[in-house]
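Residue numbering restarts at 1 for every chain, and letters A, B, ... go by the order of the sequence lines. Reckoned from all heavy atoms, side chains included, excluding hydrogens, waters and symmetry mates. Everything numeric in this text was worked out from a predicted model, so none of it was measured.
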Amino acid sequence: MLRNGLGNLLQQSTRLLRGGPVQTTTPLPDKLFKSIELEMRGHDPAVLRSYTTFLKTVCGHLNIPQGRLQVLPYVRWIQYALRSKFVHKKYKLHYETRTHITKFEVKELTGSTASTFLEYIQRNIPEGVAMRVGYEELRPLPNTIVDHSKKETAAQ
Amino acid sequence: MNARLLRLDRRSISTTQVLAKNQAGKYRSTPNRTQLLTYEMAARPHHIGVKKSWLTWHTQNLEEFRNQQPLMVAQDQIIRRFMRGFFPNNVVIQGEEIVIKRRGNVIIIAGFLQYSQRFDIRRIYWMYGFVEEFLSNLLKQPVKLEMQFVESEADLAYNYV
């Protein structure tokens with residue numbers, strides 16, 4: 001359930017260590033995230049509200065710049081039951097399940113900060129609240145494009 | 001009657017066309033006001049989400065997170081039946097005051113138990129440990145008990161009807 005989709009630097013370093021003789025490997029540069037968006041879903045809006053106050057205080061204490069907070073309208077799933085045992089299709093009992101959605105954005109993080117922050121938040125998530133994480137990562141251009149543009153400028 | 005024992009008609013959405021849903025979760029008033037109601041029982045089913053909260057907390061009923069709904073239902077039933085069977089004298093009102101929470105992989109069983117007959121602390125601790133070990137092995141997930149003991153059912157009364 002602590003699914004951190006950002007790629008674990010620890011895993012990469014152990015993979016490097018497993019291969020045969022000891023090699024001096026350069027440490028991988030830390031990832032850079034332009035924004036990380038957390039989407040929380042739950043049945044109880046009060047629980048989600050208290051979790052968002054927790055997130056805001058965590059960001060305040062750890063000096064993580066907050067983005068926008070969006071409270072989306074709830075999604076309904078309706079299934080009825082017939083009120084009577086026999087006949088009377090016109091009269092039903094209405095049952096629905098409501099899923100409340102809240103989005104919380106956090107800006108300008110490094111990979112290590114992000115993994116620590118998400119680990120802490122996911123360990124303290126209340127029961128009945130589900131979280132989905134989406135991120136925008138900043139990456140350097142691939143080598144093929146960089147070399148090609150260099151060649152073009154050299155040719156000019 | 002069977003549906004009432006299983007408690008399926010109280011918390012989950014039923015896929016059958018007709019169950020006794022007009023009567024489920026509702027208690028009739030008695031002439032001498034002998035029917036004890038806890039807060040949970042006093043609030044009608046249409047107050048769920050307003051005055052009343054759920055007895056199980058998991059994420060498998062949420063939109064786009066539904067992978068293991070039947071597993072949760074089955075696990076809940078196993079837990080509730082086990083609690084009712086293992087603490088026959090200690091359970092309050094046929095095992096209704098039990099809340100099941102799921103945080104990650106851990107199942108936490110919270111609620112009220114009564115000690116009206118005998119208050120043997122060593123016995124209770126032993127039973128606690130047994131329940132945790134047994135259910136952890138059965139459900140293959142860490143199970144924790146967080147029960148609160150109350151002298152009798154009357155301590156949980158909200159009103160008499």
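Across all their heavy atoms, Asn61(B) and Thr97(A) have their closest contact at O-CG2, 3.9 Å.
Note: the hydrophobic cluster containing Tyr39(B) does not contain Leu113(B) (ILVMFWY, side chain heavy atoms under 4.5 Å, direct or indirect links).
Counting non-hydrogen atoms of neighbouring residues, nucleotides and ligands closer than 6.0 angstrom, the OH atom of Tyr158(B) reaches no more than 12 such neighbours. Around NE2 of His94(A), the count of heavy atoms belonging to other residues, nucleotides or ligands within 6.0 Å exceeds 12. Under a cut-off of 6.0 angstrom, the local environment of NZ in Lys34(A) is sparse, with at most 12 non-hydrogen atoms contributed by other residues, nucleotides or ligands.
Applying the side chain to side chain contact (heavy atoms under 4.5 Å, CB included) test to His47(B) and every residue at least two apart in sequence or in another chain returns Ala43(B), Arg44(B), Lys51(B). Partners of Arg139(A) by side chain to side chain donor-acceptor pair (under 3.5 Å), not counting sequence neighbours, listed by chain and number: Glu137(A).
Of the candidates Thr59(B), Ile48(B), Leu62(B), His43(A) forms a side-chain contact (heavy atoms from CB on, under 4.5 Å) with just one, namely Leu62(B).
The pair Glu64(B)-Arg41(A) counts as a salt bridge, with a side-chain nitrogen and a carboxylate oxygen less than 4.0 angstrom apart. Using a cut-off of 4.0 Å between Lys/Arg side-chain N and Asp/Glu carboxylate O, Glu127(A) and Arg102(B) are scored as not salt-bridged.
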Take Thr99(A) and Phe65(B), measure what side chain to side chain contact (heavy atoms under 4.5 Å, CB included) needs, and give me the verdict at the end.
CA-CA 10 Å; Thr99(A) 308; Phe65(B) 281 94; over 6 Å; no
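Residues Trp57(B) and Val129(A) have side chains not in contact (no heavy-atom distance under 4.5 Å, counting atoms from C-beta outward).
Annotation: the span from Arg66(B) atom CZ to Trp77(A) atom CH2 amounts to 6.0 Å, rounded to 0.5 Å.
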